[in-house]
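The chains referred to below are lettered A, B, ... by the order of the sequence lines, with proteins before strands, and numbering in each begins at 1.
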Amino acid sequence: MNVLTDNISTYWKGFLGTVELTVYASILALVLGFVMASFRVAPVGSFRALGTAWVTVLRNTPLTLLFFAVLLGLPRFGLVLPFTVFAVLALGCYTSAFICEALRSGINTVPKGQGEAARSLGMTFSQTLTTIILPQAFRSVIPPVGSTLIALAKNSAIAGAFSVTELLGTYKTLSELGYNIIWTFVWIALGYLVITLAISAVFNILEKRWGVAR
Amino acid sequence: MAVDPLIELRDVNKYYGELHVLQDIDLTVGKGEVVVVIGPSGSGKSTLCRTINRLETIQSGTIRLDGQPLPEEGKALAQLRAEVGMVFQSFNLFAHKTVLQNVSLAQVKVRKRKKDEADKRSRELLDRVGLAAHADKFPAQMSGGQQQRVAIARALAMDPKALLFDEPTSALDPEMINEVLEVMQQLARDGMTMVVVTHEMGFARTAADRVVFMADGKIVEDRAPEDFFTHPESERARDFLSKILKH
């Protein structure tokens with residue numbers, strides 16, 4: 001127990017670091033994922049190709065490798081930013097590929113007739129997508145998007161290896177101070193649990209409010 | 001009957017891969033005419049109906065609406081589709097919108113009407129199809145027949161030049177078919193130009209100006225309903241009628 005009470009400020013800083021990474025990377029992932037999903041169902045071929053390439057590259061790269069590429073690669077091209085920003089970029093772009101695919105599977109659950117009816121009334125592609133298809137797709141993508149964001153919260157631990165302050169990284173400081181490693185990790189795990197359960201709670205509310213009625 | 005053609009199909013061909021679903025189709029529908037398309041399953045009648053507003057593309061031939069050739073994808077096609085209403089077998093009401101919103105949406109988005117103006121028009125049309133009291137319900141809360149009548153109101157709200165019906169009663173319980181057919185009969189009497197793909201022979205007899213009989217992707221007969229039902233010329237049509245009129 002005294003692992004936590006003695007080092008509450010170290011834990012708190014790490015916890016806040018993880019929350020920060022999760023929130024910013026989630027926002028980036030949702031925005032990019034939305035844009036890429038629209039691209040992937042667009043009637044214009046070059047947009048579809050761009051969306052497909054984005055998903056293929058990012059979904060198939062190991063996240064650690066992506067961190068290396070962003071944190072060590074981008075500075076070589078003259079782009080020097082704080083490591084936290086780089087970590088948000090890597091996490092956000094990586095997760096956006098999964099969000100994109102979740103959204104696209106949601107779009108596919110909307111019956112074809114909905115789009116046909118909208119088009120037969122003279123609505124354009126973008127009107128059909130934004131007023132008819134996406135609002136209905138949204139209901140069925142709440143659970144998979146929630147899971148993806150929970151995965152993002154846990155993936156943020158990789159940033160600790162690149163000297164970004166976050167929850168998992170606190171174990172190094174504490175084990176150097178000679179604290180029991182098992183209890184150190186128990187408290188870290190509980191910290192992650194608080195974050196992931198909070199995300200679950202938010203998505204449960206969203207689902208109650210907007211989810212598909214059965 | 002060839003007064004003022006509104007819908008003209010010339011040498012229309014369509015393939016699904018190897019399958020030749022529409023073969024050299026020629027069809028003219030005049031203003032105010034009601035043309036009923038009948039035929040066995042897989043004869044291409046639904047496909048024919050859907051090519052008229054380009055929900056299905058064709059490989060060759062021309063389709064003209066009010067003298068204008070059907071545009072390719074894009075804004076011009078969207079504008080043209082607004083002129084041709086369509087009623088589907090599975091209703092396709094927007095599931096996340098109320099009945100009133102269903103009827104008003106495209107008036108606002110496509111016809112650029114003010115919202116209250118659109119809602120006023122929607123309520124008139126809902127009243128006309130006998131559903132004024134259901135304006136605030138969601139589609140899932142209504143019966144099939146009611147949903148289909150809303151779909152007709154939604155199509156009428158665009159003030160279309162013609163209406164296409166793709167088997168409008170095929171997904172309905174028998175007792176709900178009549179309420180939809182009555183609305184369609186009324187539209188026919190009011191002089192709406194209609195192309196109706198259906199299995200309702202009673203409707204074809206009473207409301208149609210012409211009956212088009214299709215089989216295997218071809219138009220086999222195109223005649224006045226009384227003629228067609230009493231003296232079908234082709235073997236294919238006689239066979240079809242003998243099967244469906246037996247019971």
Would you indicate whether A:L65, at its atom CG, is surrounded by more than 12 heavy atoms from other residues, nucleotides or ligands within a distance under 6.0 Å?
-> yes
Above 12 or not: heavy atoms from other molecules or residues under 6.0 Å from CZ of A:F77?
-> no
So do A:L121 and B:L105 actually touch side chain to side chain, heavy atoms under 4.5 Å?
-> no
B:V87 portion near chain A, given a 4.5 angstrom heavy-atom threshold | neither
Cut-off 4.5 Å, heavy atoms of chain A, and the answer for B:F88 is side chain
Contact summary for A:A117 and B:F94, nearest pair of heavy atoms | CB-CE2, 4.0 Å
Check chain B and chain A for donor-acceptor pairs under 3.5 Å and report each one on its own line.
residue: B:R50; atom: NH1; partner: A:E116; partner atom: OE1; Å: 3.0
residue: B:R50; atom: NH2; partner: A:E116; partner atom: OE2; Å: 2.7
residue: B:N92; atom: ND2; partner: A:G113; partner atom: O; Å: 3.3
residue: B:L93; atom: O; partner: A:Q114; partner atom: NE2; Å: 2.8
residue: B:A95; atom: N; partner: A:Q114; partner atom: OE1; Å: 3.4
residue: B:H96; atom: ND1; partner: A:Q136; partner atom: NE2; Å: 3.3
residue: B:H96; atom: NE2; partner: A:T131; partner atom: O; Å: 2.9
residue: B:K109; atom: O; partner: A:Q127; partner atom: NE2; Å: 3.3

